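Below is one structure, written out as structure tokens; comments come after it.
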Amino acid sequence: MIKHFFDGILTVDGWRQNRILEIAESGEILSMGDGRAEAADIVHKGYALPGMANVHSHAFQRAMAGLAEIGGPGADSFWSWRQVMYDFVGKITPDQLEAIAGQLYLEMLKAGFTSVGEFHYLHHDRDGRPFKDPAEMSGRILAAAAEIGIGLTLLPVLYRYSGFGGQAPLDHQRRFILDGEAYLQLLEKLQAAAAGQPAVVIGMAPHSLRAVDPALLTDVRAGAGAENPCHIHIAEQQKEVADCLDWSGKRPVEWLLENVAVDERWCLVHATHVTEAERRAIASSGAVAGLCPITEANLGDGIFPAAAFLNEGGRIALGSDSNIYVSLAEEIRLLEYGQRLTCGARNVLGDAENSTGTRIFLAALNGGHQALGRPGPAGLQTGAVADFVVLDPAHPALAGRPAEKIPDSWLFAGDNGVVKDVAVGGRMVIQNRRHEQEDRITWRFRAVMTELAATA
Ligand SMILES: [Zn+2]
């Protein structure tokens with residue numbers, strides 16, 4: 001057992017000063033009480049917040065960050081971005097994926113994320129043939145997360161079709177495609193690999209309504225066991241809504257909620273284009289809306305009606321999705337700023353109890369923990385896993401700030417540089433803004449980026 005002292009800590013009951021957390025070897029918080037720095041094994045001069053779950057990531061896309069910022073002839077769109085992504089995805093080897101994911105997960109820790117939901121659909125070799133071990137690529141994600149020390153909820157993706165109504169897959173989707181049987185075998189293999197690893201949860205992810213059909217969706221959900229987290233991309237783009245209406249006469253969220261037992265195990269990623277009725281139905285289902293404000297802005301997706309949804313008791317979480325830029329602070333402020341620009345008002349997502357930054361942070365903390373099926377209760381309390389982030393009190397963004405103004409000062413006026421130390425499961429993985437393997441991880445990533453740039 002190790003005793004950690006904090007000047008200030010955001011617990012589930014609000015801010016507390018001069019606290020000692022007793023953390024078991026297993027990573028569980030055994031107790032939290034008043035104390036003095038002299039009584040502790042590790043002294044944190046600063047303010048601790050609970051570590052955040054990042055519920056939606058495609059690791060390989062980190063390697064194309066910045067490469068799709070050029071318009072083609074005519075209006076550029078999500079669909080032309082997707083073409084750049086397809087060109088890129090054809091090149092990546094297992095070793096390269098592991099190197100890219102390692103760098104990305106390191107960046108996530110340094111941004112304040114302590115667990116990640118990896119929505120993983122790059123299953124096969126470059127020619128589209130399955131690897132001898134069908135879990136080869138998934139195994140690289142598991143290895144990268146273990147090496148970096150971030151909590152992982154691996155969401156292997158079922159991608160079967162190219163469009164609504166069971167359209168045959170396209171050639172550039174060849175690395176993604178699985179049928180129901182192969183998918184369930186992959187899940188079983190990954191569940192066995194994750195057994196005995198408390199930091200790893202295996203969930204599932206039908207890619208989108210356009211990539212599966214109703215019978216397949218029902219079969220795999222039944223076959224996989226309904227207790228697993230289940231994530232799906234939904235209603236991200238207007239064209240997807242129009243195509244779904246053409247296919248079924250229903251909008252995507254409307255169709256899903258009418259035809260599938262969506263509950264608190266589900267995370268509906270994006271859900272950008274929803275009617276009021278759909279928005280209320282998601283809120284009452286208990287499912288989490290997985291919002292990815294930086295990527296949604298980058299791709300021109302649109303703005304989720306977060307204010308009404310939160311006021312209806314809806315649950316939200318945050319994801320870095322395309323990983324164009326990894327920053328918890330920027331995800332939160334962009335979520336709020338999108339609402340401000342839409343409503344012509346300030347502090348749209350705050351409420352009477354909490355400041356805007358604190359309310360969004362706590363909502364995303366609880367929603368993220370739920371969506372990733374992370375063990376124990378969410379937040380810093382006895383019985384929870386000791387995932388926390390220590391902010392630097394010497395950072396100019398925090399100068400002179402009382403504890404209750406710390407989240408807003410970081411989230412609205414700071415950046416990743418405010419994050420000083422990070423613990424996952426009680427283990428210090430970032431100390432003084434560095435990971436102990438950082439030089440090696442980043443050197444390896446640079447080498448891979450050079451290799452990929454030279455690959456036609
Ligand atoms: Zn996505």
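In each ligand, atom 1 is the first atom listed, and ligand 1 is the first ligand listed. All of these numbers come straight from a predicted model, not from anything done at the bench.
Taking the N/O/S atoms of H58 in turn, the shortest distance to the Zn ion (ligand 1) belongs to NE2. If you look at D321 and ask which of its N, O or S atoms sits nearest the Zn ion (ligand 1), the answer is OD1. When you scan the N, O or S atoms of H233 for the one nearest the Zn ion (ligand 1), you land on NE2.
More than 12 heavy atoms of other residues, nucleotides or ligands sit less than 6.0 Å from atom CD of E227. Heavy-atom contacts from other residues, nucleotides or ligands closer than 6.0 Å to CZ of R446 number 12 or fewer.
Checked against the 6.0 Å centroid threshold, H270 and H273 do not count as a close aromatic pair. H207 has its ring centre no less than 6.0 Å from the ring centre of H231.
Coordination check, C292 versus the Zn ion (ligand 1): failed, since every N/O/S atom of the residue sits at 2.8 Å or beyond.
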